[in-house]
Amino acid sequence: MAELATIDDLLAGLNSQQRTAATHGEGPLLIVAGAGTGKTATLVHRVAWLIAGGVDPSRILLLTFTRRAAAEMLRRAEILLHRLGHPGAGRVWGGTYHAIATRLLHRYGKAIGLPPDFAVHDRADSEDLMNVVRTDLNLAKTDKRFPKKGTCMAIYSRAVNAREKLESVLENHFPWCEDWREELKLLFNGYVDRKEAAGVLDYDDLLLYWHALLNDEAASAESPRLQPGPLPKGEGKKRVGDVVRGLFDCILIDEFQDTNTLQAEILYALSPEGKGLTVVGDDAQSIYAFRAATVRNILDFPKHYPGATIVTLEQNYRSTEPILDATNQVIALARERYTKNLWSERTEGQRPVLVNCEDDGDQATYVIRRILEHREAGIDLRRQAVLFRASHHSILLEAELARANIPFHKYGGLKFIETAHVKDLMAFLRLAENPRDMVAGSRLLPLLPGVGPGKARQLMDALLAAGGNFDVWADWRPPAAAATLWPKFVSLLKSLVRTADELPVQLNRVRKFYAPLLEGKYDHVEPRLRDLEQLELIASRYRNRARMLLEMTLDPPSSTQDLAGPPQLDDDYLVLSTIHSAKGLEWDAVYVIHAADGNIPSDMATKNPEEIEEERRLFYVALTRAKNWLYVCYPLRYYYPGRSDRHTFAQRTRFLPSALLHCFDQCVPETPDAGDDGADGCSACDASRQVRRRIRELWG
Ligand code: ATP
Ligand code: MG
């Protein structure tokens with residue numbers, strides 16, 4: 001039997017600062033350090049060290065930015081623990097703020113008057129509900145254009161998450177909406193009422209109620225309609241805030257720079273003394289200020305927890321020195337920054353390549369050629385990623401990858417669950433689960449021929465008044481076009497409400513009813529139908545319908561592949577990702593595309609210097625994902641077919657001014673069809689071409 005490792009063996013892989021952090025005692029600890037310095041790795045070791053030292057895993061809370069990140073960190077902690085012969089980290093509470101809030105509120109929400117069966121609305125549903133109220137109040141029909149549903153939701157959400165008054169949110173972030181202040185107040189009140197009537201919480205509510213739970217706010221002024229209920233057995237005498245606080249001995253948070261004020265307040269209430277608290281972050285990578293995140297949470301940590309230990313890390317283990325040279329200089333141009341320049345022991349390596357392409361098509365050709373070269377040289381597709389600012393920036397590349405038979409997996413942008421046909425299908429389940437769900441009803445009813453939004457609204461109101469009993473719909477005489485479908489529709493919903501059938505059986509019934517409607521409504525019917533079949537196949541994995549709806553909302557899968565679970569070991573696919581979704585990750589080769597002004601910084605985010613600075617940090621996040629090869633591409637021209645001004649010229653991103661060009665090898669691909677051995681005019685490309693040639697020579 002192999003000899004077991006000791007905890008010292010496990011920590012031997014860390015440098016001395018990392019080890020200090022991983023083995024820190026009970027006091028509050030802040031690790032503030034730049035990209036790739038091993039912050040996440042240190043947290044993983046700390047979790048393992050705590051458990052190995054006797055902390056009960058079920059009393060550890062690990063908060064991360066995505067569920068995937070939490071799962072990956074715990075998987076790595078598990079491996080470390082197994083080497084020690086320890087049973088593992090299985091019962092750690094790991095997940096996003098929203099997922100943990102949901103879990104706690106299901107267990108303890110009753111104590112602050114929350115119904116145990118609440119449903120959760122994702123951001124798109126919340127916007128749709130906001131729109132219902134906006135229409136109700138006739139705000140959509142005003143002479144001057146009233147803000148759209150997405151803007152209304154952004155204003156509402158910022159006020160909640162930044163704990164700011166509406167007036168100041170408008171003045172500081174949405175000055176063009178200031179004239180609508182009174183109407184917005186009306187709208188937001190109506191929205192809160194609607195949510196309550198439908199028995200749903202939105203993402204912001206999850207945080208607000210978690211905060212209320214910790215502060216024993218049952219039936220307080222902030223939530224006057226709440227009726228407190230009993231605590232779970234055995235915890236009856238204590239205040240619920242103390243019960244929740246008492247659940248955890250250790251709290252660890254990654255990516256703390258991207259948390260907002262409300263999340264920080266939750267943390268302060270959860271851990272008033274900071275005992276067992278570790279937070280980790282990098283102010284230079286703060287990229288969610290547009291969603292009210294604030295680096296103040298990192299900067300104020302030592303003020304909030306006087307005596308907190310601060311550990312900084314400066315050695316980068318991810319990237320080669322030539323790549324770090326470039327990224328250090330990019331972030332050095334930021335107006336404000338606290339973390340320092342990074343260094344690496346990996347001094348050798350290819351300099352980053354700046355690629356000036358003719359147009360979008362050339363860019364795709366160039367990137368695909370380099371990807372294939374790297375793959376031939378032994379760098380699997382999964383070790384390579386193409387990153388971009390906005391989801392639509394990869395459309396042409398996706399088409400070219402498909403043509404070249406290169407499998408890829410896209411993260412960020414529109415998620416699988418946000419596609420119209422999947423939303424339709426899920427709306428059947430949602431309405432059966434919660435007949436008060438106005439958004440689901442307003443989506444479903446107009447699928448039937450002859451039922452418009454106005455009629456849908458009336459039918460939903462009638463259903464609400466009837467306490468969610470679908471019999472009330474049986475009496476309605478639909479227009480001729482829906483005459484045969486309507487009774488089937490009502491009986492389908494009724495059968496779903498009562499059903500004891502397995503989830504795949506329920507989905508099958510819905511799919512059979514819905515498929516003909518889908519065919520009449522959308523193009524690309526075949527792949528859409530396949531998505532629905534796929535959904536049916538994986539449905540058995542969920543405990544029940546409510547669980548499936550909740551998990552899909554809190555952690556929406558990006559694609560059907562994502563739904564199918566982690567990829568098989570022999571699956572190889574390229575990663576395409578928005579920069580936001582690439583946070584915390586790393587690849588051997590990274591291609592940043594569309595690095596042109598207008599794309600990064602995005603035209604939508606150049607209203608003020610703060611927004612531009614956030615775009616700079618975003619660019620920095622993209623570049624710092626690369627371990628060994630970094631390519632930054634920007635097309636010179638953008639074509640607009642069918643327009644008189646057929647193309648515009650693009651400028652290289654302002655975040656790479658001329659003074660920084662010395663950090664890059666520059667490359668101008670000659671022609672899109674230069675052929676395998678076409679010269680691209682840069683040494684890096686020549687080098688990889690030589691590797692490829694040598695590999696070919698091996699086989700004669
Ligand atoms: P980011 O800011 O991008 O989230 P990070 O600071 O969390 O980065 P990690 O992802 O933890 O950094 O680590 C970056 C890479 O460096 C990983 O591949 C990790 O395994 C490696 N690494 C971290 N610490 C060490 C170490 N002491 N020795 C060798 N490799 C290390
Ligand atoms: Mg990290």
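Here the structure is a predicted model, which is why all the values come from computation and not from measurement. Remember, it's 1-based here, ligands and their atoms both numbered in the order they're listed.
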Just jot down the ligand 1 atoms closer than 4.0 angstrom to any heavy atom of Gly584, in number order.
4 (O)
Please identify which atoms of ligand 1 are closer than 4.0 Å to at least one heavy atom of Asn15.
27 (N)
Sub-3.5 Å donor-acceptor pair from the side chain of Arg76 to the main-chain atoms of Glu72, do we have one?
no
Which residue and heavy atom of the protein sit nearest atom 11 (O) of ligand 1, plus the separation
Ala41 N, 2.8 Å
What atoms in ligand 1 come closer than 4.0 Å to a heavy atom of Arg625?
3 (O)
Tyr317-Asn15 side chain donor-acceptor pair, cut-off 3.5 Å:
yes
Just say parallel, tilted or perpendicular for the rings of Tyr631 and Tyr366, cut-offs at 30° and 60°.
perpendicular
Is it true that the side chains of Asn628 and Arg346 contain a donor and an acceptor less than 3.5 Å apart?
yes
Flag the pair Ile287 / His580 as yes when at least one side-chain heavy-atom distance between them is below 4.5 Å, and no otherwise.
yes
among protein heavy atoms, the one nearest atom 12 (O) of ligand 1 is Gly38 N, 3.0 Å
For atom 10 (O) of ligand 1, grab the closest protein heavy atom and report residue, atom and distance to one decimal in Å.
Arg318 NH2, 3.1 Å
Would you mind checking which non-hydrogen protein atom is closest to atom 21 (C) of ligand 1, with the distance to 0.1 Å?
Tyr317 CB, 3.7 Å
Would Arg68 pass as a cation-pi partner of Tyr411, given that its NZ or CZ must be under 6.0 Å from the six-membered ring centre and within 45 degrees of the axis?
yes
min-distance protein heavy atom vs atom 18 (O) of ligand 1 -> Glu586 OE2, 2.5 Å
Any non-hydrogen atom of Ala33 lying under 4.0 Å from ligand 1?
no
Provide, to 0.1 Å, the distance between atom 24 (N) of ligand 1 and the closest protein heavy atom, together with that atom's residue and name.
Gln18 NE2, 3.1 Å
Could you verify whether a donor N or O on one side chain and an acceptor N or O on the other, from Arg123 and Ser157, lie under 3.5 Å apart?
yes
Taking only heavy atoms of Gly34 into account, list the atoms of ligand 1 that are under 4.0 Å away from them.
6 (O)
Is there a donor-acceptor contact under 3.5 Å linking the side chains of Tyr591 and Gln384?
yes
Examine Arg625 relative to Trp587 and say whether NZ or CZ is less than 6.0 Å from the centre of the six-membered ring and inside a 45° cone about the ring axis.
no
Identity and separation of the nearest protein heavy atom to atom 8 (O) of ligand 1:
Gly36 N, 3.0 Å
Just so I know, are the side chains of Arg654 and Arg616 near enough to count as touching, which here means a heavy-atom distance under 4.5 Å?
no
Determine, considering heavy atoms only, which of Lys39, Gln315, Gln285 sits nearest to atom 5 (P) of ligand 1.
Lys39
Say whether Asp282, considering both its backbone and side-chain N or O atoms, lies within less than 3.5 Å of an N or O atom on ligand 1.
no
Quick check: does Leu14 get an N/O under 3.5 Å from an N/O on ligand 1?
no
